[in-house]
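This report concerns only the one structure given below.
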Amino acid sequence: MPEAPAQQPVLQSIVPSASVAAQCAVPRTGVDPDTGAPFADRKGTLDHEKDWVRAWIDETYLWFDEVPNTLLARDYATPIAYFDVLKTPKLTANGQPKDRFHFTANTEQARAMARDGSGIGYGVEFAFLNTSPPRDVRVAFVEPSSPAAQATLARGDRLVEIDGIDVLNSTNTDALNAAVMPQREGEQHNFKLRANDGSERNVTLTSASISREPVPLLDAFQAGNKYVGYLLFNDHTAAAEYSLVYAMEVLQFIGVTDLVIDMRYNGGGYLDIASELAYMVSSGAATQGKTFEQVLYNSKNPFKLKPEDTKVPFHAATLGYSAQPGYPLPQLGLSRVVVLSGPDTCSASESLVNSLRGIGVVVDLVGGRTCGKPYGFTPQDNCGTTYYAIQFQGVNDRGFGDYGDGFAPTCAVADDFTHALGDPAEARLAAALKLLGGGACPTPPAVGKGVAAMRKAEAERVPYLVRSPLRESRLLGRTAR
């Protein structure tokens with residue numbers, strides 16, 4: 001009896017994205033704040049939205065030809081669920097998913113985050129040092145003037161209980177996560193904290209809309225015969241432009257000879273902001289005629305860019321994100337900079353490191369291996385959801401951009417939760433000052449199991465912070481679009 005012919009797989013048909021764009025199951029009304037014109041939304045269906053998602057991936061996704069063509073829209077209830085699977089299944093050299101960065105966000109929330117880092121919370125970043133019982137969750141950073149700051153939370157405080165639930169061993173993780181990451185303003189939760197000195201206290205925190213200060217700390221220290229500036233830089237948001245220019249003018253005025261940029265918790269943001277900072281760190285001679293980052297798209301050239309349009313320059317003046325446009329940027333003229341890094345150092349932060357190295361500036365990393373994201377996107381709204389599909393890889397002036405497994409530190413130093421950020425005794429800053437003053441990495445001290453586990457996690461790029469992917473981005477803004 002002859003064998004039955006093999007059944008051919010059903011393939012998803014793909015239409016041009018423009019033919020189904022803004023055809024929404026629930027169209028928005030009112031004015032689009034990005035354009036000042038009424039929203040383009042018109043009545044459509046979820047099928048129209050899913051068709052747009054599939055088309056957008058096929059047209060713009062960096063690895064569009066690696067997406068399985070048997071993924072059918074009909075098998076997914078929503079366009080977001082469909083988008084979530086439309087990515088490459090390939091792995092990096094170290095066995096990590098090649099695309100760990102595919103995500104969506106509510107468009108209004110995405111705009112707020114890109115503008116000033118604002119979002120719902122208490123103004124505290126929690127570091128999840130151990131997520132399995134016995135858990136170890138610490139306060140990593142407290143936003144100035146936030147509810148957490150007013151409740152006197154401090155770096156290193158350990159979560160003991162939340163709303164009476166044991167943080168260390170409870171199986172009620174849904175309740176714990178809901179309290180740590182509130183979704184609405186006005187939520188109240190009770191926290192029991194243990195300070196580094198062993199004392200315990202109870203505080204009540206009320207969630208609010210928090211605007212993050214991108215540069216919350218600026219200082220300077222003596223290291224041997226060097227005068228070292230210290231800059232805590234947390235977000236490449238639009239608001240960072242003004243703060244960075246002010247900080248660099250101060251450092252230039254006081255005459256620092258070296259610089260430590262603390263980006264251990266900086267997940268990225270606008271490439272333009274990273275470019276401005278790189279220009280201010282380096283010199284006119286080093287940046288003249290050089291490319292900060294060239295962005296490489298897929299073979300379809302989806303945005304129809306000319307070669308010169310794919311190059312982000314070293315910006316010599318402000319672009320108007322939050323400072324007056326056209327203001328000449330100061331320059332420190334440094335040929336070496338130290339960056340404090342870790343697994344939460346991502347995307348545009350890594351671009352800063354890579355692009356400075358691309359023009360011959362020595363960048364020493366002190367801390368842990370970075371997250372490994374040489375990729376980025378131009379966010380695209382459709383029907384109130386903003387889609388973030390990887391669309392380009394960034395390379396520096398020398399053409400290098402292959403760091404999908406992160407940058408290894410020059411000096412491996414575990415994060416130190418027993419000292420405040422900016423304290424010269426804090427382990428990473430102390431190591432940076434020693435490196436600048438004496439030219440050698442300090443010998444790691446003998447440590448207990450807890451710090452040893454942290455070192456292992458950092459080597460494997462396990463992030464401490466649980467935060468929105470909106471804060472782990474490399475975004476094209478007003479240039480090279």
Side-chain angles (χ1 to χ4, degrees), residues 61-68 84-103 127-132 136 263-268 274 293-298 339-358 363-377 388-396 398-415 428 431 441 444 447 449-469 471-474:
Y61 187 53
L62 182 61
W63 305 293
F64 72 95
D65 52 354
E66 297 177 11
V67 177
D84 287 344
V85 301
L86 293 172
K87 58 185 177 181
T88 177
K90 293 192 175 183
L91 305 177
T92 69
N94 283 359
Q96 296 286 334
K98 185 174 174 180
D99 186 352
R100 311 185 303 281
F101 313 108
H102 204 73
F103 76 100
F128 292 74
L129 306 187
N130 189 4
T131 56
S132 301
D136 189 356
M263 294 198 296
R264 74 185 79 191
Y265 302 139
N266 191 320
E293 183 166 291
Q294 182 172 8
V295 292
L296 307 178
Y297 292 90
N298 70 31
V339 170
L340 306 188
S341 65
D344 295 290
T345 306
C346 202
S347 203
S349 297
E350 293 173 295
S351 180
L352 176 73
V353 172
N354 192 47
S355 296
L356 283 173
R357 288 176 172 175
V363 182
D364 291 313
L365 299 182
V366 173
R369 183 179 285 270
T370 63
C371 91
K373 188 183 179 187
Y375 313 114
F377 22 61
Y388 296 79
I390 295 296
Q391 292 158 335
F392 64 84
Q393 178 177 2
V395 299
N396 64 19
R398 296 175 179 174
F400 177 75
D402 294 323
Y403 51 90
D405 286 311
F407 289 119
T410 310
C411 301
V413 180
D415 210 351
R428 286 180 172 169
C441 293
V447 296
K449 290 183 179 179
V451 175
M454 287 171 58
R455 285 183 181 168
K456 181 177 185 296
E458 289 174 355
E460 296 174 353
R461 296 178 297 124
V462 178
Y464 291 140
L465 307 187
V466 176
R467 58 190 176 189
S468 166
R471 296 186 62 206
E472 296 180 348
S473 305
R474 177 191 254 104

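Pro409 is listed as a side-chain neighbour of Arg369, based on a closest heavy-atom distance under 4.5 Å.
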| said: For a side-chain contact (heavy atoms from CB on, under 4.5 Å) check, start with the C-alpha distance between Asp99 and Glu66, then their side-chain angles and the critical distance, and finish with the verdict. | reply: CA-CA 11 Å; Asp99 186 352; Glu66 297 177 11; over 6 Å; no
| Working for side-chain contact (heavy atoms from CB on, under 4.5 Å), residues Val339 and Leu365 | CA-CA 5 Å; Val339 170; Leu365 299 182; 3.7 Å; yes
| Can Lys87 and Ile390 be said to form a side-chain contact (heavy atoms from CB on, under 4.5 Å), step by step? | CA-CA 9 Å; Lys87 58 185 177 181; Ile390 295 296; over 6 Å; no
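Of all heavy-atom pairs spanning Asn354 and Gly401, the tightest one is ND2-CA, 4.2 Å. Across Asn396 and Ser355, no two heavy atoms sit closer than the pair CB-CA, 3.9 Å. The two residues Ala274 and Ala348 have their closest heavy-atom pair at CB-O, 3.8 Å. Across all their heavy atoms, Cys371 and Ser347 have their closest contact at SG-N, 4.2 Å. Smallest separation of non-hydrogen atoms from Ala431 and Val366: CB-CG1, 3.8 Å. Across all non-hydrogen atoms, the minimal contact from Thr92 to Lys98 is CG2-CA, 3.9 Å.
The backbone N or O of Gly372 lies less than 3.5 Å from a partner atom in the side chain of Glu350, making a donor-acceptor pair. Between the Ser341 side chain and the Gly368 main chain, a donor and an acceptor come within less than 3.5 Å of each other. Side-chain atoms of Thr345 never come within 3.5 Å of backbone atoms of Thr370 as a donor-acceptor pair (strictly under, hydrogens ignored).
In this structure, Arg357 CZ and Tyr403 OH are separated by 10.5 Å, a value rounded to the nearest 0.5 Å. A distance of 11.0 Å separates CD in Gln393 from CD in Gln294, rounded to the nearest 0.5 Å. For the atom pair CD (Gln391) and CG (Leu296), the distance works out to 13.5 Å, reported to the nearest 0.5 Å. Rounding to the nearest 0.5 angstrom, the gap separating the CG atom in Leu340 from the CG atom in Asp415 is 9.5 Å. For the atom pair OG of Ser349 and CG of Asp344, the computed distance is 10.0 Å after rounding to the nearest 0.5 Å.
No option in Trp63, Tyr297, Tyr61 other than Trp63 meets the ring-ring contact (aromatic ring centres under 6.0 Å, His included) test with Tyr375.
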